[in-house]
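Step one of this worksheet: look at the structure below.
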Amino acid sequence: MCSNFFIGFGFLLLCNGIIASPRIDPLVETKVGLIRGLTASDGDYSMFLGIPFGVVDETNPFGPSTPYPKFENTFEAYDDSAICPQIEEFNNTLVGSLDCLHLNIYVPKSATSQNRVPVLVWIYGGGFSIGFSGRYLYGPKFLVKNDIILVTINYRLGPYGFMCLGTPEVPGNQGLKDQLLALRWINNNIESFGGDVNKITIMGESAGGISVDLHLYSAQETLFKSVILQSGTAFLPGTLTEPKPELSLKLSENLGFTTDDVSEALTFLSSIDPHLIIASASTVDRFWPCIENQFDNTETFITDYPVNMEIPKVRNMPILIGFNDNEMITHYANRDTEFFEMHNGIFAERLNSGFNFDADTLLEMEMFVRHFYIGDEKITEELKFVLADMLSDFGYNYPTVRSIANYIKNRASNIYHYVFSYNGGRNFVKRKNNVTIGGAAHADEIGYLFDVSFWHEKPELHDQLILDRMTTMWANFVKYSNPTPQITELLPVRWEPINEGSPYYYLDINSELKLERRPFHNRMAFWELFYNLNKKYVTGYREY
Ligand SMILES: *[C@@H]1O[C@H](CO)[C@@H](O)[C@H](O)[C@H]1NC(C)=O
Ligand SMILES: *[C@@H]1O[C@H](CO)[C@@H](O)[C@H](O)[C@H]1NC(C)=O
């Protein structure tokens with residue numbers, strides 16, 4: 001049985017029963033069955049879209065997912081539109097279904113069973129409440145051009161991914177366990193696509209970076225050889241909390257069923273349409289990762305706060321990690337006078353998100369932070385850059401410094417640290433929010449790693465250079481554990497890693513590449529002292 005199949009500009013003959021090499025036909029035999037893909041029209045690669053790897057339990061959609069069963073027939077991997085329930089950020093609409101645990105695989109034509117290529121797995125950000133893996137945002141062509149396989153995965157969000165009851169039914173961190181399920185699927189099957197199972201790198205931005213970090217701390221097996229963290233680590237204050245069963249009661253009450261019994265609430269919530277759950281959840285609170293209780297026969301992901309933990313997994317592991325030079329500027333751009341007048345509580349609010357201060361200590365600590373950033377000034381729009389620095393330092397920059405210190409302590413091998421500071425035509429979030437001031441904001445680097453397909457237009461030449469540099473360095477790291485293995489015309493600077501006792505190098509990624517040392521060293525030294533002074537107040541800190 002053969003069928004004609006229109007792909008791109010030609011016809012490809014695909015025959016059942018004949019398994020062609022993925023080099024020619026995008027038809028692959030995996031451990032879970034036959035998967036048929038598509039030939040890309042924008043490069044020399046194949047696409048396998050929307051492969052289901054996990055099943056959400058219909059009777060308890062807030063609980064752990066299970067592996068997707070084997071395919072009985074050839075799975076046609078043509079559709080990357082699956083999206084987990086959320087209010088997506090582009091049209092601000094309620095979308096998604098629980099049949100969303102899908103992944104996409106992009107395979108360069110150079111990958112074969114004789115020539116296995118390294119694999120990069122992308123975990124999206126979006127505050128654990130939004131995000132999806134499809135090409136609409138995460139187009140693969142620039143990364144795959146560098147002869148690596150790119151895999152992008154979905155995971156559940158909001159209450160479906162992160163309801164945390166502290167019970168065996170809903171232990172918490174279901175979204176992280178979805179990611180784990182995807183990583184297991186990739187480990188089991190990527191060789192069939194020409195991937196090198198010994199060279200898997202996981203990479204994430206923002207909540208995706210936090211996720212990558214949590215995979216390093218997790219109790220489960222290591223399914224990768226190196227990691228990339230962009231603007232997000234587990235030290236972001238407030239990342240982990242104790243279980244919050246009360247959120248499920250509140251959610252239930254919002255939807256018309258009042259109870260103080262968590263399991264009754266859960267049964268009720270499981271019967272409600274996911275879109276209603278999502279709409280209601282946004283008025284309750286955020287659903288984020290939590291510290292799990294341990295139960296027999298239940299897989300746990302994380303049971304303590306990273307501040308108390310060693311990370312044996314990073315031993316000898318290469319790490320690429322960094323942040324953008326103006327992470328939080330979009331928070332302050334285009335704000336009116338009233339916003340700043342109402343903003344006086346920001347220092348205390350931030351400190352409370354990461355420390356358990358008593359009232360007196362909080363007042364004192366707030367004063368230190370205030371004096372350090374703004375002296376005796378009143379908060380007005382004129383201070384927007386320095387306020388943005390404060391938020392960036394607290395949420396991203398200093399947490400990255402803390403993470404790096406912990407990696408060094410646990411003997412990671414080479415830590416490639418960067419600051420992305422380029423301001424061009426593809427700065428993702430600034431462009432989306434119509435912000436022109438400042439350097440690079442949170443998530444701006446996305447536009448220089450991915451082919452953001454809804455933008456349609458071709459990159460300008462100067463932006464293309466940054467794109468080529470970023471994707472080449474990232475792919476080099478995936479391939480060689482070194483972003484600049486040799487000096488080239490494209491990459492004229494050697495990016496030196498941080499190691500125990502070495503200078504604190506970082507690569508400034510702007511119109512030019514520059515090897516520098518210790519970004520924002522005054523601000524980071526302030527927070528280093530601050531954390532040392534207040535160690536015992538850090539959320540979750542335990543004395544032994
Ligand atoms: C947003 O709406 C446009 C126009 O209807 C559509 O093409 C696009 O896919 C939507 N984006 C998302 C992420 O749903
Ligand atoms: C973006 O901002 C500029 C100037 O601040 C304004 O002229 C333009 O209309 C804005 N565009 C959008 C889409 O909001």
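In each ligand, atom 1 is the first atom listed, and ligand 1 is the first ligand listed. No hydrogens, no waters, no symmetry mates; every other heavy atom, side chains included, goes into these values.
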Item to complete: Quick one: look up the protein heavy atom nearest atom 11 (N) of ligand 1 and list residue, atom name and how far away it is.
Response: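 Result for atom 11 (N) of ligand 1: Asn91 ND2, 3.0 Å.
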Discussion item. Just to be sure I read this right, does ligand 1 sit under 4.0 Å from the backbone of Tyr136, its side chain, both, or neither, counting only heavy atoms?
Written reply: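 For Tyr136, the contact with ligand 1 is made by the side chain alone.
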Item to complete: Check whether any protein heavy atom sits under 4.0 Å from atom 9 (O) of ligand 1.
Response: yes
Worksheet item: Could Arg335 and Tyr332 be counted as a cation-pi pair, given that NZ or CZ must be under 6.0 Å from the ring centre and within 45° of the axis?
Response: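 The answer is no, since Arg335 fails at least one limit relative to Tyr332.
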Worksheet item: Within 45 degrees of the axis of the six-membered ring of Trp474 and under 6.0 Å from its centre: does Arg469 put its NZ or CZ there?
Response: no
Item to complete: Look up atom OG1 in Thr267 and atom CG in Asn60, then write down how far apart they are to the nearest 0.5 Å.
Response: 8.5 Å
Item to complete: Quick one: sort the Phe71 and Tyr68 rings into parallel, tilted or perpendicular, breaks at 30° and 60°.
Response: tilted
